[in-house]
Amino acid sequence: MIDLKYLQKNFDEASAKLVKKGVDEATLENLKELFATLKSANATLEEAKAEQNRMSKLFGEYMREKKDVTELKAQVDAKKEEIVGLQAVAREAQEALEHVALAMPNFPDDSVPMGADEEDNIELKKVLEPRKFDFEPKEHWALAEVNGWIEFERGVKLAKSRFAVLRGEAARMERALINFFLDVNREKGFEEVCVPFINNGAMLQGTGQLPKFEDDLFKIDDEDLYLIPTAEVPLTNLYNDEILTQKELPILLTGYTPCFRKEAGSAGRDTRGMIRQHQFDKVEMVAITTPEQSEEIFKMMVENASDILTQLGLPHRVVELCGGDLGFSAATTIDLEVWLPGQDKYREISSISNTRDFQARRAKIRYKDGKKNVLVNTLNGSALAVGRTLVAIMENYQNEDGTIEIPEVLKKYM
RNA sequence: GGAGAAUUGGGUGAGUGGCUGAAACCACAUCCCUGCUAAGGAUGCGUAUGGGUAACUGUACCGAGAGUUCGAAUCUCUCAUUCUCCA
């Protein structure tokens, strides 16, 4: 959630920022008004309550002094009735504000480039030269068939479209990648964590998936529970509603989880192959930091993900997202895109974001800075998406006969 | 699945209707003393939010929600979680 007090005091500045993310000024104006309405409604309500509390205190004194309380009781009763009305007004204002505020995306950093969509993202650098093939490189689904690695039809039979089955060496490589990623992350100082793959609604709200993106989540019937769309949710919310000490920070976490996404709105995109699945494995990094630490840790996380790709010998590029392509919670994001020779394209394989205090405000994650409680910064990033890495290895390490070499660093894991 | 007990601030833990936003202890912070791998003393210290430059002050919160009452951590109901016992 954005800082509503900041919005109220620096409206022009705030709206200039949010324009980058495509939020129009009318929506912001509305939010500001709702905030003001709530404040005045609360002020009146609280004053009435204060008066009732005073009278109730008096009541006690009257009783002790054996005075007549009939008149006082009548007064309190009248006040109580008034409060019921004021309470309804305040609650309504509260709900109206939350409705809008929780759907408002994070402010982008000042450094974020303007732009409408991924076309306007900025390539920062390329790492590793794509290999020159002396034959026509195949797409991973063709290679999957040659090697018997992926069964798309049987995945669909078991669940529905956008589910797949990995077999034999592919299944083992999936597992090898998870272990490799976790080991690298651990060496970089991330603590390995194993978390529930199902989280409740409050946690999903904490990291920003709810209430706005409910359509993209798999929900458990009749329960306030959701399959997680990313380990960012449980790892970040590990500290939901907690006050940390400054000494504990930064907290660096890594974990493997499957991720579940309905992919609402991406009908028709990447329908073929393993790029966009309802269920995929991912190893995630999450950092909880002070505002001062977050910049440096962000860079370290980008470096780390890039380093993993380099170790695997996978050519990739580092891309800074423009305002229009930035996710809901992110203040700034850097994507790593891996080269897929079969598709002749760079495709996203890791997305590293600094959400600043946006998630911390929603999830109430704070630390003690002297006497004050300060919101932490939360960061998250994939290191890496496992299925897409498997695809990238297939396409980059293919031989002319369709067989696939195993990257050197993975050999000891398989 | 059934019966009982519990759920209080960062931690332990008191508190059965107004004097309790909550004792005490621990932890933590600042200071003093001491000069050494320690100990002692003083003060401060819940969270959120509103007003105020500030001192200060209003409101809400003792698992969650609802209720009784002029007034609830304390009484009632529902739910959740934990523990013990029985199937």
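These values consider heavy atoms only, across backbone and side chains, with no hydrogens, waters or symmetry-generated copies. Sequence lines set the chain letters: A, B, ... in the order given, protein chains first and strands last, and positions in each chain run from 1.
- Using a 4.0 Å heavy-atom cutoff across all strands shown, K80(A) reaches sugar-phosphate atoms only and no base atom.
- Out of C70(B), U47(B), U59(B), the shortest distance to the side chain of E46(A) is found at U59(B).
- In this structure, K21(A) is not positioned above the aromatic face of F107(A) in the sense of NZ or CZ being under 6.0 Å from the six-membered ring centre and within 45° of the axis.
- Note on N42(A): every side-chain N or O is 4.0 Å or more away from OP1 and OP2 of U49(B).
- Rounded to an integer number of Å, the gap from Q52(A) CD to A60(B) P is 9 Å.
- Going from the C1' atom of A38(B) to that of G51(B) covers 48 Å, rounded to whole Å.
- When each of A43(A) and E51(A) is assigned the nucleotide of RNA chain B bearing its nearest heavy atom, the one mapping closer to the 5' terminus is A43(A).
- Residue F35(A) has its side chain nearest to G50(B) when only G46(B), G71(B), G50(B) are considered.
- E98(A) places its CD atom 13 Å from the C1' atom of A48(B), with the value rounded to the nearest Å.
- Straight-line distance between the C1' atoms of A73(B) and G9(B): roughly 12 Å, to the nearest whole Å.
- Between M104(A) and the options L7(A), L18(A), L4(A), a side-chain contact (heavy atoms from CB on, under 4.5 Å) holds for only L18(A).
- Taking atom C1' in both C45(B) and G35(B), one finds a spacing of 29 Å when rounded to whole Å.
- Here I243(A) lies in heavy-atom contact (under 4.0 Å) with sugar-phosphate atoms only.
- Rounded to whole angstrom, the span from the CD atom of E242(A) across to the C1' atom of G9(B) amounts to 15 Å.
- Of the charged side-chain nitrogens involved, at least one lies within less than 4.0 Å of a carboxylate oxygen, so that R356(A) and E295(A) count as a salt-bridged pair.
- Between the CD atom of Q94(A) and the C1' atom of A48(B) there is a distance of 12 Å, rounded to whole Å.
- Side-chain N/O atoms of N373(A) include one lying less than 4.0 angstrom from OP1 or OP2 on U47(B).
- Comparing C70(B), U59(B), U47(B) by their closest approach to the side chain of K368(A) singles out U47(B).
- Distances shown here put every side-chain N or O of R54(A) at or beyond 4.0 Å from the OP1 or OP2 atom of G71(B).
- G15(B) and A6(B): their P atoms are spaced 12 Å apart (whole Å).
- Regarding contacts with the backbone of U49(B), every side-chain N or O of K5(A) stays at 4.0 angstrom or more from both OP1 and OP2.
- Proximity note for K39(A) (side chain, C-beta onward) versus G50(B), U47(B), G18(B): the nearest is G50(B).
- Nucleotide A39(B) is matched to nothing when pairs are restricted to Watson-Crick or G-U wobble geometry with both distances under 3.5 angstrom.
- For A50(A), the listed nucleotide lying nearest its side chain is U59(B); candidates were U59(B), A48(B), G71(B).
- Of the candidate nucleotides G50(B), U47(B), C70(B), C70(B) has the atom lying nearest to any side-chain atom of F59(A).
- Look at the P atom in both G21(B) and A60(B): the space between them is 11 Å, to the nearest Å.
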